[in-house]
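Values below: every heavy atom of this structure, side chains too, minus hydrogens, waters and symmetry copies. Chain identifiers are assigned alphabetically (A, B, ...) following the order of the sequence lines, protein sequences preceding nucleic acid strands; residue numbering begins at 1 within each chain.
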Protein chains: 2
Amino acid sequence: MTQAAFFVLTALADQPRHGYGILRETEELSDGEVRLRVGTLYGVLDRLTVDGLIALDREEVRQGRLRRYYRVTDEGVDALVAEADRMAAAAGAARRRIAEGRRAPGTVTSPARGPGLAGGLA
Amino acid sequence: MTQAAFFVLTALADQPRHGYGILRETEELSDGEVRLRVGTLYGVLDRLTVDGLIALDREEVRQGRLRRYYRVTDEGVDALVAEADRMAAAAGAARRRIAEGRRAPGTVTSPARGPGLAGGLA
DNA sequence: GCAGGATATATCGGCAGCCGATATATTCAG
DNA sequence: CTGAATATATCGGCTGCCGATATATCCTGC
């Protein structure tokens, strides 16, 4: 799963939203760090729909503008959970390896015991 | 950062390795889930080198075969830490939102806006 | 001796997918 | 009336992953 698809699924995880709302919600929930582009969104929406991970929920007309709401399917929730698990596992593995590398920088590994700071695992 | 670049950095985080070793190490540390492709590796290695996140460590000839070892730079470690943080935060955000969606499935969400998820990405 | 697999490097073309630019249309603020 | 926000959608370009391919050595099995 691509990062863009992951964030779209995350934005839809709690409730149905329309395209533009997904854009704003993604930026908000990531505290401004992640900004989905308009040019990216509709391609992702199409692909996720074809894959059955999201579905068209309803269409509304608010103040003369069309809003097309999407929702995650059960399959989409499963896929998002699995992806979140993979990401958390990968992040944890990276952190552990960094800790291992810092234990003996530029030297052959030694049994030198650290100051009990090891953990740090998410 | 792409996923492939992330895994290459992770594989190099504890000690210098050569290309083929990175391939095997990535598969091993991910418990067989992630398998970097040969065709992907050298492009990633070139890009990471240009970006200054890894550097050529040394070259060895073992049993008639050349081994080109790479190591992460300080900048590469920083980038990997930052990426691991982003991934862990994104995974956490996804899990929280899934929990919120399941709290009231198929129902209109409560107006409770606010610090609930303000934590967002770390 | 030789075929096949593991080790080890590298390149290339095809294809998927992200992004910036662009288009269209309405509402509201200045 | 101009610009920004809201809201949809498309398209060309570029980046980057992947499968296939090439080259070369060593070891195992037959």
Most 5' of A:Gly43 and A:Leu66 on DNA chain D, judged by nearest nucleotide: A:Leu66

side-chain N/O B:Thr2 vs D:dT15 OP1/OP2, d < 4.0 Å: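 No, no such contact exists.
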
Length of the [atom1]-[atom2] vector between [X] and [N], whole Å:
X	N	atom1	atom2	value
A:Leu48	C:dA16	CG	C1'	14 Å
A:Gln3	C:dA16	CD	C1'	16 Å
A:Leu45	D:dT8	CG	C1'	11 Å
A:Met1	D:dC17	CE	P	18 Å

Whether B:Ser30 side chain and B:Thr26 backbone form a donor-acceptor pair below 3.5 Å: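 Yes, because the side chain of B:Ser30 sits within donor-acceptor range (under 3.5 Å) of the backbone of B:Thr26.
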
List the atom of [X], the atom of [Y], and the distance in Å for their closest heavy-atom pair.
X	Y	result
B:Arg71	B:Leu56	NH2-O, 4.1 Å
B:Leu29	B:Ala11	CD2-CA, 4.2 Å
B:Asp14	A:Arg97	OD1-NH1, 2.9 Å

ILVMFWY network linking A:Tyr42 to A:Val72, side-chain heavy atoms under 4.5 angstrom: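 Hydrophobic grouping puts A:Tyr42 with A:Val72.
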
Look up atom [atom1] in [X] and atom [atom2] in [Y], then write down how far apart they are to the nearest 0.5 Å.
X	Y	atom1	atom2	answer
A:Arg47	A:Met1	CZ	CE	12.0 Å
B:Ile22	B:Tyr69	CD1	OH	10.5 Å
A:His18	A:Glu59	NE2	CD	12.5 Å
A:Tyr70	A:Leu9	OH	CG	13.0 Å
B:Glu33	A:Arg86	CD	CZ	7.0 Å

Any A:Arg62 side-chain heavy atom under 4.5 Å of A:Arg65 side chain: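 A:Arg62 does not reach A:Arg65 side chain to side chain.
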
Residues from residues 75-83 of chain A lying under 4.0 Å of DNA chain D - heavy atoms: none

Close approaches to DNA chain C from residues 20-42 of chain B, in residue order (heavy atom, under 4.0 Å):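 DNA chain C contact set from residues 20-42 of chain B: B:Tyr20, B:Arg24, B:Val38, B:Gly39, B:Tyr42.
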
Nucleotide nearest A:Arg47 when distance is taken to its side chain, options C:dC18, C:dT9, D:dT6: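 Of the candidates, C:dC18 comes closest.
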
Toward the 5' end of DNA chain C, by each residue's nearest nucleotide, A:Ala4 or B:Asp46: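 On the 5' side of the pair lies B:Asp46.
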
Contact pattern, 5' to 3', of nucleotides 23-30 of chain C - B, S or - by protein heavy atom under 4.0 Å: ---BS---

Sugar-phosphate, base or nothing in reach of B:Arg67, heavy atoms under 4.0 Å: sugar-phosphate

